[in-house]
Q: 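Provided herewith is a single structure, encoded as structure tokens, for subsequent inquiry.
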Amino acid sequence: MPKLRGAVMSLIAAEGLSVRFGGATVLENVDLAVAPGEIVTLVGPNGSGKSTLLRALIGILPAAAGRVRHQPGLRIGYVPQRLHIDRGLPMPVGRFLSLPHRHSRRETAAALARTGMAGAEDRAMADLSGGQFQRVLLARALLMQPQILILDEPTQGLDQPGEAAFYRLIDEVRREIGCAVLMVSHDLHVVMAASDRVICLNGHVCCEGTPQVVSNAPEYRALFGLGTQGALALYQHRHDHDHDHDHGHGHDHGHPHHLHEAGDV
Ligand code: ADP
Ligand code: MG
């Protein structure tokens, strides 16, 4: 298939999208498109319409203006921000994965194995830890054989190692199945590093670009403030210093970028 510059076929796109609840306009004139294989991270303050945008893109909320386009037959794997499961209702993992679509035991087992939850079919959803619960949600999304995974704050409530592990898992899965990822995050310093593009939302698109560009954009800084963890903790891999203190004395001290701070050795 010929590649058309400037006319890349997006999997999913919002065009001039507005969403209203009653009289309140929650999203105004939003343009967003996700290309195959891309990782796009959506950031923005609470109530800025991130979940609303995802839900409108999926088609569970109507557009008040503008529209949403999907590639024909697009398969979406969606992990919602909140999923309430009645604790009084025993819900084994295997049964949960068969909702709303049934899958073969083999497919279910493979999806669980892929998310590090092999053999969990008979465990009760209510007994899972936060991280295990998110992995099962991801397994359910993978059963859709998605061309795009849409994840709404998937690491909310996880501790930092759990969060880092979950992002690694998403990245592995993406490489393996070649899907695109559209993810809402409040956690910039981990997610942004893996993102091709970051979109900063506040009822409208404030700014967008590579993680580096967005983190330096005045619009972004105005929203998140300079003192907040999000803005300053942006993950960057720096090569101008050396974290590895396990080297012996054969260490190359002639390295031009090798800088030691006082007390570092
Ligand atoms: P975010 O995910 O960025 O925190 P949301 O998309 O959940 O923000 O919400 C954006 C705004 O829309 C909020 O003011 C919220 O109260 C409002 N909102 C979200 N869902 C509904 C709904 N179903 N009915 C009415 N208002 C809603
Ligand atoms: Mg939300």
Side-chain angles (χ1 to χ4, degrees), residues 12-34 39-70 76-86 100 130-131 133-138 140-141 146 148-159 162-163 166-167 170 180-192 194-195 197-209 211 214-215 217 219-225 228-231 233-234:
I12 198 165
E15 297 173 354
L17 177 70
S18 298
V19 175
R20 299 190 187 106
F21 291 117
T25 299
V26 168
L27 290 175
E28 180 90 70
N29 197 23
V30 170
D31 290 313
L32 173 152
V34 182
I39 301 188
V40 177
T41 297
L42 201 57
V43 300
N46 271 337
S48 61
K50 303 181 297 297
S51 296
T52 300
L53 177 53
L54 295 192
R55 295 172 71 215
L57 282 170
I58 288 160
I60 53 184
L61 281 179
R67 62 173 171 175
V68 168
R69 282 177 188 263
H70 290 177
I76 299 174
Y78 174 49
V79 174
Q81 182 167 9
R82 269 177 288 270
L83 195 79
H84 180 72
I85 290 181
D86 190 343
F133 191 90
Q134 291 309 101
R135 283 166 190 267
V136 170
L137 287 188
L138 181 60
R140 191 177 70 150
I148 181 167
L149 271 176
I150 296 188
L151 309 149
D152 199 346
E153 301 198 25
T155 64
Q156 203 178 32
L158 303 190
D159 61 13
E163 180 170 56
F166 196 82
Y167 287 136
I170 290 170
V181 175
L182 174 61
M183 173 159 45
V184 169
S185 174
H186 55 268
D187 196 351
L188 307 172
H189 56 294
V190 184
V191 172
M192 287 182 84
S195 302
R197 207 146 51 86
V198 176
I199 296 173
C200 187
L201 193 73
N202 194 20
H204 59 280
V205 175
C206 293
C207 55
E208 83 174 271
V214 167
S215 67
E219 297 91 340
Y220 172 82
R221 296 193 161 216
L223 264 186
F224 285 91
T228 63
Q229 227 196 346
L234 169 63

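Every number for a ligand or one of its atoms is a count from 1 in the order of the listing.
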Q: Under the criterion side-chain contact (heavy atoms from CB on, under 4.5 Å), which of L32, L17, V30, I58 is the partner of V68?
A: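 Result for side-chain contact (heavy atoms from CB on, under 4.5 Å) with V68: L17.
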Q: Would one find an N or O of K50, backbone or side chain, under 3.5 Å from an N or O of ligand 1?
A: yes
Q: Just by distance, do the side chain of H70 and the backbone of L57 share a donor-acceptor pair under 3.5 Å?
A: yes
Q: Can a donor-acceptor pair be found, under 3.5 Å and without considering hydrogens, that links the side chain of K50 to the backbone of V43?
A: no
Q: Nearest 0.5 Å, please: how far is CD in E208 from CD1 in I199?
A: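 Separation between the atoms: 4.5 Å.
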Q: Using a 4.5 Å cut-off on heavy atoms from C-beta on, say whether the side chain of E15 contacts that of D31.
A: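 Side chain of D31 against side chain of E15, heavy atoms only: contact under 4.5 Å found.
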Q: How about Q81: does one of its N, O or S atoms come closer than 2.8 Å to the Mg ion (ligand 2)?
A: yes
Q: Strictly under 4.0 Å, does any heavy atom of G44 approach an atom of ligand 1?
A: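 G44: no contact with ligand 1 (<4.0 Å).
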Q: Is S51 close enough to the Mg ion (ligand 2) to have an N, O or S atom under 2.8 Å?
A: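 So S51 counts as coordinating the Mg ion (ligand 2), yes.
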Q: At a 4.0 Å threshold, what atoms of ligand 1 neighbour a non-hydrogen atom of N46?
A: 4 (O)
Q: What do you think, any protein heavy atom under 4.0 angstrom from atom 26 (N) of ligand 1?
A: yes
Q: Can you confirm whether the side chains of N202 and S48 place a donor and an acceptor under 3.5 Å from each other?
A: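 Side chains of N202 and S48: no pair found under 3.5 Å.
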Q: Under 3.5 Å between any N/O of F21 and any N/O of ligand 1: does that happen in this structure?
A: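 N/O-N/O distance below 3.5 Å does not exist for this pair.
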Q: To which of T52, V19, V184, L42 does the heavy atom nearest atom 9 (O) of ligand 1 belong?
A: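 Answer by nearest heavy atom: T52.
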Q: Would you say V26 has any N or O atom under 3.5 Å from an N or O of ligand 1, going by distance alone?
A: no
Q: Which protein non-hydrogen atom lies closest to atom 4 (O) of ligand 1, naming both residue and atom, and how far is it?
A: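 The closest heavy atom on the protein side is G47 N, 2.8 Å.
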Q: Consider ligand 1: state whether an atom of it lies below 4.0 angstrom from any non-hydrogen atom of P45.
A: yes
Q: So which of V40, V181, V34 actually passes side-chain contact (heavy atoms from CB on, under 4.5 Å) with I148?
A: V34
Q: Nearest to atom 7 (O) of ligand 1, what protein heavy atom do you find, and at what distance?
A: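 Scanning the protein heavy atoms, the shortest distance from atom 7 (O) of ligand 1 goes to S51 CB, 3.7 Å.
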Q: Can you confirm whether something in the protein, heavy atoms only, sits under 4.0 Å from atom 15 (C) of ligand 1?
A: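 Under the 4.0 Å cut-off, atom 15 (C) of ligand 1 has no protein heavy-atom neighbours at all.
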Q: Can a donor-acceptor pair be found, under 3.5 Å and without considering hydrogens, that links the side chain of S18 to the backbone of N29?
A: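 Yes.
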Q: Can an N or O of R55 be found at a distance shorter than 3.5 Å from an N or O of ligand 1?
A: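 So ligand 1 has no N or O lying under 3.5 Å from an N or O of R55.
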Q: Just by distance, do the side chain of Q134 and the backbone of P154 share a donor-acceptor pair under 3.5 Å?
A: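 At least one qualifying donor-acceptor pair exists.
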